[in-house]
There are 2 protein chains.
Amino acid sequence: MVQLSSPYKSISFGDDCLLFKQMSKCELDRLSKSARLRVLTKQQYLFTQHAPSDRLYNIVSGVGIMEKVSENGRRQIFTFVYPGDLIGLSNTEKYSYGVKSLSNLTVYEFKRQNLLALAEELPTLGANLREIRSDVTTHTFEHVYLLGQLKAYERVCFMLIQLLNRLPGAKPDKIDLPMTRTDIADYLGLTVETVSRTFSQLKRDGLISITSNNTISILNLESIEDLASTA
Amino acid sequence: MVQLSSPYKSISFGDDCLLFKQMSKCELDRLSKSARLRVLTKQQYLFTQHAPSDRLYNIVSGVGIMEKVSENGRRQIFTFVYPGDLIGLSNTEKYSYGVKSLSNLTVYEFKRQNLLALAEELPTLGANLREIRSDVTTHTFEHVYLLGQLKAYERVCFMLIQLLNRLPGAKPDKIDLPMTRTDIADYLGLTVETVSRTFSQLKRDGLISITSNNTISILNLESIEDLASTA
DNA sequence: CGGTCTGTTGAAAACGATCAATACGTGTGG
DNA sequence: CCACACGTATTGATCGTTTTCAACAGACCG
């Protein structure tokens with residue numbers, strides 16, 4: 001663990017944060033100088049759709065969603081954002097999506113130009129950025145495959161596996177969902193009702209159990225994985 | 001126009017090619033030294049899914065598809081690739097998709113490490129690469145929205161507008177489709193039958209006309225745009 | 001001329017969406 | 001502490017869109 005000092009507060013990062021991976025104390029120090037810590041409570045926008053996009057955010061803790069809402073009210077969630085994720089790499093004029101917190105959310109905020117300039121100087125940072133971009137692309141392609149090819153129940157299973165891999169603290173026997181059924185639906189391109197029914201069906205089939213509304217356990221991981229498979 | 005010499009052949013690029021935009025003759029010369037020209041005929045793979053991914057391709061001419069085929073035979077087309085597009089930026093070990101030509105296809109092939117190294121030295125190239133990545137992300141998010149939120153007929157209209165914007169030579173009164181109905185279906189997350197029926201319906205409604213199987217004219221651009229709108 | 005590939009059309013089935021009612025959970029104020 | 005209200009989740013019934021299955025038409029090629 002390395003201590004990172006920011007103008008606002010001190011925070012520690014492990015090597016699990018892709019942005020800071022393998023960076024020396026000295027490099028981290030330079031990085032932290034151009035960072036600013038922002039703290040959000042539930043259901044606040046980090047930034048909204050169409051806002052000028054000159055910032056870049058690194059999630060420190062908490063969970064959020066990246067969403068697009070169209071004029072006619074349809075909403076698509078592009079991704080859930082978790083600690084370590086980097087937001088705002090696209091260098092467009094305006095964000096084509098908004099990012100909202102689902103829980104308390106802590107992020108490092110950078111001016112994009114600053115971070116990109118720094119990436120030119122610090123090779124490790126540059127490499128990490130490429131790595132992250134690559135991961136985002138891979139993840140988005142998986143999402144495209146899910147939306148284009150999978151049935152409702154396959155999508156739900158896929159999401160469970162994804163939560164297992166990405167949601168901090170999630171284990172097969174206890175997944176605490178930070179998102180609502182509507183969020184899940186808008187991520188999977190389904191309706192709330194279909195998501196709810198699918199959960200009920202998986203419960204009836206003995207593959208999962210739902211203790212509280214927001215707590216799911218996977219009883220038969222192998223079956224869920226099979227249903228979720230995109231290989 | 002600038003003449004680019006390669007070990008194999010000489011080709012000219014305009015500023016419309018994002019990768020070469022705004023680069024000096026000298027820079028272009030260095031670039032071309034690490035490029036190799038590859039020429040494919042119809043229905044050939046530039047590379048297949050799971051092939052080791054150490055190359056990067058810049059489309060010179062022709063059209064192709066980037067596709068993923070799963071073990072159970074479902075196919076999703078991630079994108080159609082057009083002149084100027086860059087393929088293989090993700091730095092994964094293996095390609096998670098294959099790229100196949102639909103027409104004759106000419107590409108510049110780079111070793112990824114070479115091009116990335118060069119991008120460190122040539123700031124314009126680095127900026128162009130970031131620009132391209134950004135465009136790809138934007139485009140992929142649009143695709144996610146399409147698959148998650150749009151009805152079949154909206155998807156088809158969206159694709160027509162996209163062809164208009166991206167397919168070289170496409171004009172509202174004459175779009176020559178290089179892809180089959182099945183390709184369109186697999187891109188839009190629909191079946192061939194649904195795509196065919198949707199075309200027929202748009203024809204009946206007087207919005208398009210189909211002269212030959214592969215030639216479509218848009219008769220009422222405004223309506224098509226309205227139906228395709230994702231704003 | 002027959003064969004294959006691609007596209008279209010029809011009928012039926014299935015899946016997911018929509019509409020509507022009900023249950024559950026949490027927090028507030030009486 | 002209970003009653004109530006509000007937001008969220010579940011369930012049921014019905015509807016509509018898209019898929020599936022099947023037949024056929026047209027283009028291209030040997």
Side-chain angles (χ1 to χ4, degrees), chain A residues 41-43 65 70 72-77 100 102-103 146-160 175-205 208-217 227, chain B residues 41-43 65 72-77 100 102-103 146-160 175-205 208-216 227:
Chain A
T41 56
K42 266 181 209 195
Q43 299 291 329
I65 54 179
S70 66
N72 52 40
R74 286 182 262 189
R75 183 176 80 138
Q76 177 65 45
I77 291 185
K100 196 171 69 172
L102 290 181
S103 63
L146 175 146
L147 293 170
Q149 302 299 323
L150 299 190
K151 302 254 177 204
Y153 64 92
E154 295 171 318
R155 299 186 196 190
V156 170
C157 292
F158 187 94
M159 168 138 182
L160 288 174
I175 303 177
D176 271 305
L177 301 176
M179 67 288 283
T180 66
R181 298 288 188 270
T182 305
D183 292 331
I184 297 177
D186 289 346
Y187 177 63
L188 299 179
L190 303 168
T191 58
V192 208
E193 293 94 329
T194 300
V195 171
S196 186
R197 273 187 251 273
T198 305
F199 276 140
S200 299
Q201 186 61 48
L202 290 173
K203 223 163 41 179
R204 250 173 278 137
D205 295 345
I208 65 170
S209 79
I210 303 184
T211 44
S212 106
N213 253 340
N214 311 326
T215 312
I216 295 185
S217 330
L227 291 171
Chain B
T41 56
K42 267 182 209 198
Q43 300 290 330
I65 56 180
N72 52 39
R74 287 182 261 191
R75 182 175 80 138
Q76 178 66 44
I77 291 185
K100 196 172 69 173
L102 291 181
S103 61
L146 175 147
L147 294 170
Q149 302 299 323
L150 298 190
K151 302 254 176 199
Y153 64 92
E154 296 171 318
R155 298 187 197 189
V156 171
C157 291
F158 188 95
M159 168 138 182
L160 287 175
I175 303 177
D176 271 305
L177 300 176
M179 67 286 284
T180 65
R181 299 287 188 271
T182 304
D183 292 331
I184 297 177
D186 289 345
Y187 177 64
L188 299 179
L190 303 168
T191 57
V192 208
E193 294 94 329
T194 300
V195 170
S196 184
R197 273 187 251 274
T198 304
F199 276 140
S200 299
Q201 186 61 46
L202 291 172
K203 221 163 44 177
R204 251 173 277 136
D205 296 346
I208 65 172
S209 79
I210 302 184
T211 44
S212 106
N213 253 343
N214 312 327
T215 312
I216 294 185
L227 291 171

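Chain naming here is simple, since letters A, B, ... match the order of the sequence lines and numbering starts at 1 in each. What you see below is based on every heavy atom in this structure, not just the backbone, and it leaves out hydrogens, waters and symmetry mates.
- A:K42 NZ: 12 or fewer foreign heavy atoms inside a 6.0 Å radius.
- The main-chain N or O of B:N213 is found under 3.5 Å from a side-chain atom of B:R181 such that the two form a donor-acceptor pair.
- B:K151 meets the side-chain contact (heavy atoms from CB on, under 4.5 Å) test with B:Y153, B:E154; sequence neighbours excluded.
- A nucleotide of DNA chain C counts as in contact with chain B when one of its atoms lies under 4.0 Å from a heavy atom; the first and last such, 5' to 3', are C:dG7 to C:dA11.
- Using a 4.0 Å cutoff on non-hydrogen atoms, no part of residues 175-184 of chain B comes near DNA chain D.
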Only distances under 3.5 Å count here; give the side-chain donor-acceptor pairs of residues 189-196 of chain A to other protein atoms, sequence neighbours excluded, each with its distance to 0.1 Å.
from, atom 1, to, atom 2, distance (Å)
A:T191, OG1, A:T194, N, 3.3
A:T191, OG1, A:T194, OG1, 3.0

Between the protein and nucleotides 17-21 of chain D, which nitrogen or oxygen pairs come in under 3.5 angstrom?
from, atom 1, to, atom 2, distance (Å)
D:dT18, OP1, B:A152, N, 2.7
D:dT19, OP2, B:T191, N, 3.3
D:dT19, OP2, B:T191, OG1, 3.2
D:dT19, OP2, B:T194, OG1, 2.4
D:dT20, O4, B:R197, NH2, 2.7
D:dC21, N4, B:E193, OE2, 3.2

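- Evaluated for a side-chain contact (heavy atoms from CB on, under 4.5 Å) with A:M159, the options A:L188, A:L146, A:L177 yield exactly one hit, A:L188.
- Every residue two or more places apart in sequence or in another chain that forms a side-chain hydrogen bond (donor to acceptor under 3.5 Å, both in side chains) with A:R75 is listed here: A:E67, A:D183, A:D186.
- Under the side-chain hydrogen bond (donor to acceptor under 3.5 Å, both in side chains) criterion, A:S212 pairs with A:T215, not counting sequence neighbours.
- Residues forming a side-chain hydrogen bond (donor to acceptor under 3.5 Å, both in side chains) with B:S103 (at least two apart in sequence, or on another chain): none.
- For the side-chain hydrogen bond (donor to acceptor under 3.5 Å, both in side chains) test, no residue two or more places apart in sequence or in another chain qualifies with B:S200.
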For every nucleotide of nucleotides 24-30 of chain D, 5' to 3': is a protein heavy atom under 4.0 Å from its base (B), only from its sugar-phosphate (S), or from neither (-)? -------
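- Atom CD1 in B:I65 sits 8.0 Å away from atom OG1 in B:T180 (nearest 0.5 Å).
- Scanning for side-chain contact (heavy atoms from CB on, under 4.5 Å) contacts around A:D205 gives A:Q201, A:L207, with sequence neighbours left out.
- B:T41 pairs by the side-chain contact (heavy atoms from CB on, under 4.5 Å) definition with B:Q44, B:N104, not counting sequence neighbours.
- As judged by a 4.0 angstrom heavy-atom cut-off over every strand, B:S200 is placed among residues touching the sugar-phosphate backbone only.
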